[in-house]
Amino acid sequence: GQTPMFPRIFGHEAGGIVESVGEGVTELKPGDHVLPIFTGECGKCSHCNSEESNLCDTLRINTERGVLLDDGKTRFSKNGQPIYHFLGTSTFSEYTIAHAGCVAKINPAAPLDKVCVLSCGVSTGMGATLNVAKPKKGQSVAVFGLGAVGLAACEGARMAGAGKIIGVDLNPDRFNEAKKFGVTDFVNPKDHNKPVQEVIAEMTNGGVDRAVECTGSFQAMISAFECVHDGWGVAVLVGVPNKEDAFKTHPLNFLNERTLKGTFFGNYKPRTDIPSQVEKYMKKGQTPMFPRIFGHEAGGIVESVGEGVTELKPGDHVLPIFTGECGKCSHCNSEESNLCDTLRINTERGVLLDDGKTRFSKNGQPIYHFLGTSTFSEYTIAHAGCVAKINPAAPLDKVCVLSCGVSTGMGATLNVAKPKKGQSVAVFGLGAVGLAACEGARMAGAGKIIGVDLNPDRFNEAKKFGVTDFVNPKDHNKPVQEVIAEMTNGGVDRAVECTGSFQAMISAFECVHDGWGVAVLVGVPNKEDAFKTHPMNFLNERTLKGTFFGNYKPRTDIPSQVEKYMKKELELEKFITHSVPFKEINKAFDYMLKGESIRCIIRMDA
């Protein structure tokens with residue numbers, strides 16, 4: 001239905017960085033990360049001021065307009081001949097120009113090559129379900145068309161908790177892909193000799209609760225409407241039809257209390273709503289963020305402090321910590337928690353909290369932070385709440401290991417598992433964290449310390465940390481928890497899991513003794529893992545706990561751990577097996593991958 005206009009630069013889904021702004025533009029500045037949107041939000045018209053509409057009077061989509069609004073001219077040309085704009089975006093170009101009202105400013109840490117898909121199709125489909133169809137938890141939803149927009153509609157249904165999601169498409173190859181988006185049933189209209197709305201009605205005892213049409217076919221639109229249940233069914237039209245199409249249905253379908261709605265861009269207001277969708281992406285999952293300066297275990301000396309920082313001064317010796325302690329929140333004020341509301345670990349955040357910007361760059365391009373520390377750098381910057389001030393006499397190349405792994409493992413045993421003198425402890429995983437857990441058990445006076453690992457070479461090293469027995473699950477034809485139960489007359493008193501394997505987590509819990517056994521989980525699992533055990537294991541008076549950074553508060557507790565080292569109450573040297581200059585950092589990774597090192601010190605001054 002569009003009027004041909006050539007030559008023209010197409011493209012309307014994109015992410016980019018503002019290069020410059022025109023006169024009078026105040027809400028954007030050079031360097032801002034943005035998503036250009038094919039429709040806009042002036043913020044002044046009746047639609048923009050309505051909570052029910054996103055159809056801006058001034059900036060709504062116009063497929064015919066190939067010029068800018070302010071002067072009716074194009075900004076593209078070649079050899080003096082105009083090249084027209086497309087949807088106010090024209091993103092198939094390294095540089096483009098857009099109305100400020102059609103640009104959504106987003107979190108600069110968000111990867112543009114991922115969130116760019118929110119600038120049209122994904123938001124359109126997801127919003128059609130979440131904002132317009134609004135299925136309730138457990139309801140059924142049919143989605144017509146399983147392209148990008150339709151799959152996004154399915155994802156919206158999944159997020160809403162739909163009990164049944166029926167995908168309708170003429171291509172049977174789409175079904176397997178659609179399962180990833182929550183689709184439970186697939187209907188191909190070509191497989192049936194009756195209208196697809198009748199097929200769906202039969203599948204769902206009278207019709208689905210909600211339907212979303214994402215094809216643009218007027219026949220699919222009719223089917224989507226006629227397949228919803230009378231009394232409460234809602235159908236939403238998303239696809240763009242041909243110019244001459246007509247929607248036809250019997251008026252009784254409406255009178256029988258079905259509702260038909262249309263939506264545009266998922267009812268999202270571009271500048272108001274899309275930034276929050278980006279934030280939802282940033283809060284979910286582990287987002288790759290590059291370039292980035294890694295490193296999170298270190299010791300250093302304060303070079304300078306920012307405005308308002310009073311607890312630190314230049315020259316102080318410190319350990320930067322990957323989590324923090326604001327000292328004000330409910331967690332910081334609790335004796336039972338170290339999970340600071342403000343400064344707890346955030347693997348996604350690549351910028352500083354105060355202004356959402358990075359302090360690293362190269363040739364004008366941002367380099368992102370990691371865990372708020374980025375210690376693989378001679379100079380770094382950290383929040384004052386994530387820095388523990390320590391005794392300046394303490395050797396930084398020794399006590400630096402307290403800033404993550406050693407404290408995490410040792411604290412898991414001493415602060416959380418809390419074995420009594422003479423009790424038995426099993427530790428799963430004999431890397432640095434696991435050996436620190438063993439060391440904690442030794443310091444607590446455990447009578448038997450069982451090390452569990454798949455690498456038999458670890459046992460001799462583990463003896464230095466108090467391990468008395470070694471179990472390799474590969475040496476047995478029964479679950480390792482049964483092996484340990486047989487070794488300990490019914491189970492160990494305490495178990496600490498330091499691998500991140502959900503199987504090891506289950507084994508650690510199921511190997512503790514009924515009546516008093518306590519298991520503590522330390523390792524970080526994969527995103528989709530699930531812990532499964534029989535409820536009777538709890539009812540038989542076993543306890544399962546989790547811990548983070550060994551339950552140590554960074555600024556309050558770590559300095560006292562350094563003092564224990566200084567008084568020779570704590571051995572750290574045995575954790576340090578290698579040391580290399582920064583220029584040979586790859587050797588450190590080789591040692592780690594081969595299982596040859598526990599901790600390798602990277603020397604910045606060498």
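As a basis for the values below, the full set of heavy atoms in this structure was taken, side chains included, without hydrogen atoms, waters or symmetry mates.
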Can you confirm whether more than 12 heavy atoms, excluding those of Asn205, are under 6.0 Å from its CG atom?
no
Given the rule in the side chain to side chain donor-acceptor pair (under 3.5 Å) test, do Thr272 and Glu41 qualify, once you have shown the distances and angles that lead to the verdict?
CA-CA 8 Å; Thr272 299; Glu41 182 182 354; 2.4 Å; yes
Passes side chain to side chain donor-acceptor pair (under 3.5 Å), Glu13 versus Ser119? Steps please.
CA-CA 5 Å; Glu13 258 189 12; Ser119 63; 5.2 Å; no
Could you grab the distance from atom CD of Gln365 to atom CG of Asn363, nearest 0.5 Å is fine?
8.0 Å
Looking only at heavy atoms, what is the nearest atom pair of Gly295 and Thr373, with distance?
O-OG1, 3.0 Å
Give the C-alpha distance, both sets of side-chain angles, the deciding distance and a yes or no for side chain to side chain donor-acceptor pair (under 3.5 Å) between Thr249 and Glu226.
CA-CA 8 Å; Thr249 191; Glu226 294 184 355; 2.7 Å; yes
For Ile106 and Leu112: C-alpha separation, side-chain torsions, deciding distance, then whether side-chain contact (heavy atoms from CB on, under 4.5 Å) applies.
CA-CA 10 Å; Ile106 64 168; Leu112 292 173; 4.0 Å; yes
side-chain contact (heavy atoms from CB on, under 4.5 Å) between Thr263 and Asn131, worked out:
CA-CA 9 Å; Thr263 180; Asn131 300 334; over 6 Å; no
If I take atom CD1 from residue Ile345 and atom CG from residue Leu339, how far apart are they, to the nearest 0.5 angstrom?
10.5 Å
Does Lys179 make a cation-pi contact with Phe175 (under 6.0 Å, within 45 degrees of the axis)?
yes
CE on Met282 to CG on Asn107, rounded to 0.5 Å:
4.5 Å
Candidate pair Lys136 and Asp209, rule salt bridge (Lys or Arg N to Asp or Glu O under 4.0 Å), full reasoning:
CA-CA 9 Å; Lys136 297 174 183 174; Asp209 302 298; over 6 Å; no
Would Asp70 and Arg75 satisfy salt bridge (Lys or Arg N to Asp or Glu O under 4.0 Å), going step by step from the backbone distance to the final call?
CA-CA 12 Å; Asp70 64 337; Arg75 295 299 187 274; 3.6 Å; yes
Which atom pair, heavy atoms only, marks the closest approach of Arg344 to Thr323?
CA-OG1, 3.3 Å
Would Phe86 and Phe10 count as a close aromatic pair, with their ring centres under 6.0 Å?
yes
Give me the atom names and distance for the closest heavy-atom approach of Glu213 to Ala224.
CB-CB, 3.9 Å
On a heavy-atom basis, which atom in Pro172 and which in Asn188 lie closest, and how many Å separate them?
CD-ND2, 3.8 Å
Examine Phe538 together with Phe509 and report whether their ring centres are nearer than 6.0 Å.
yes
Run the side chain to side chain donor-acceptor pair (under 3.5 Å) test on Tyr95 and Glu19 for me, step by step, so that the C-alpha distance in whole Å, both residues' side-chain angles and the decisive distance to 0.1 Å come before the verdict.
CA-CA 8 Å; Tyr95 288 82; Glu19 188 267 348; 5.6 Å; no
Could you tell me whether the side chain of Leu343 reaches within less than 4.5 Å of the side chain of Leu353, counting heavy atoms only?
yes
Note, Ile9 side chain near Ile83 side chain (heavy atom, < 4.5 Å)
yes
Of all heavy-atom pairs between Leu28 and Lys105, which one has the smallest distance, and what is that distance?
CD2-CB, 3.9 Å
With a 4.5 Å heavy-atom cut-off, do Ile274 and Leu35 have their side chains touching?
yes
Return yes if some donor-acceptor pair links the side-chain N/O of Asn242 with the main-chain N/O of Glu244 below 3.5 Å, else return no.
no
With a 6.0 Å cut-off on the ring centroids, do Phe38 and Phe264 count as close?
yes
Ignoring hydrogens and angles, tell me if any N or O in the side chain of His383 forms a donor-acceptor pair with the backbone of Gly385 under 3.5 Å.
yes
Can a donor-acceptor pair be found, under 3.5 Å and without considering hydrogens, that links the side chain of Arg8 to the backbone of His85?
yes
Does any part of the side chain of Ile37, heavy atoms only, come nearer than 4.5 Å to the side chain of Tyr268, both counted from C-beta?
no
For the side chain of Thr74 and the backbone of Val67, is there at least one donor-acceptor N/O pair under 3.5 Å apart?
no
Any non-hydrogen side-chain atom of Ile200 less than 4.5 Å from a side-chain atom of Val168?
yes
Is a side-chain N or O of Ser53 found less than 3.5 angstrom from the main chain of Ser50, in a donor-acceptor match?
no
Determine, stepwise, if the pair Met159 / Leu130 fulfils side-chain contact (heavy atoms from CB on, under 4.5 Å).
CA-CA 8 Å; Met159 292 167 67; Leu130 292 172; 4.2 Å; yes
Determine whether a donor-acceptor pair (N or O, by modelled atom type, separation under 3.5 Å) exists between the side chain of Ser361 and the backbone of Pro366.
no
For the side chain of Thr184 and the backbone of Ile165, is there at least one donor-acceptor N/O pair under 3.5 Å apart?
yes
Check whether Ser377 reaches the backbone of Thr380 with its side chain - one donor and one acceptor, N or O, closer than 3.5 Å.
no
Would you mind reporting whether Leu521 and Leu544 have side-chain heavy atoms less than 4.5 Å apart?
yes
For Pro241, is there any backbone N or O sitting under 3.5 Å from a side-chain donor or acceptor partner on Asp245?
no
Contact between Cys42 and Asp57 at the side-chain level, heavy atoms closer than 4.5 Å - yes or no?
no
Side-chain heavy atoms of Ile166 within contact of Met203, under 4.5 Å:
yes
State the NZ-CG distance between Lys280 and Leu118, to the nearest 0.5 angstrom.
10.5 Å
Working for side-chain contact (heavy atoms from CB on, under 4.5 Å), residues Asp185 and Val187:
CA-CA 7 Å; Asp185 300 82; Val187 174; 5.7 Å; no
For Glu155 against Arg158, the heavy-atom pair lying closest together:
OE2-NH2, 2.7 Å
Could you tell me whether a side-chain N or O of Asn333 sits under 3.5 Å from a main-chain N or O of Ser330, the two making a donor and an acceptor?
no
What distance do His12 atom NE2 and Thr63 atom OG1 have between them, rounded to the nearest 0.5 Å?
11.5 Å
What distance separates Asp230 CG from Leu252 CG, expressed to the nearest 0.5 Å?
11.0 Å
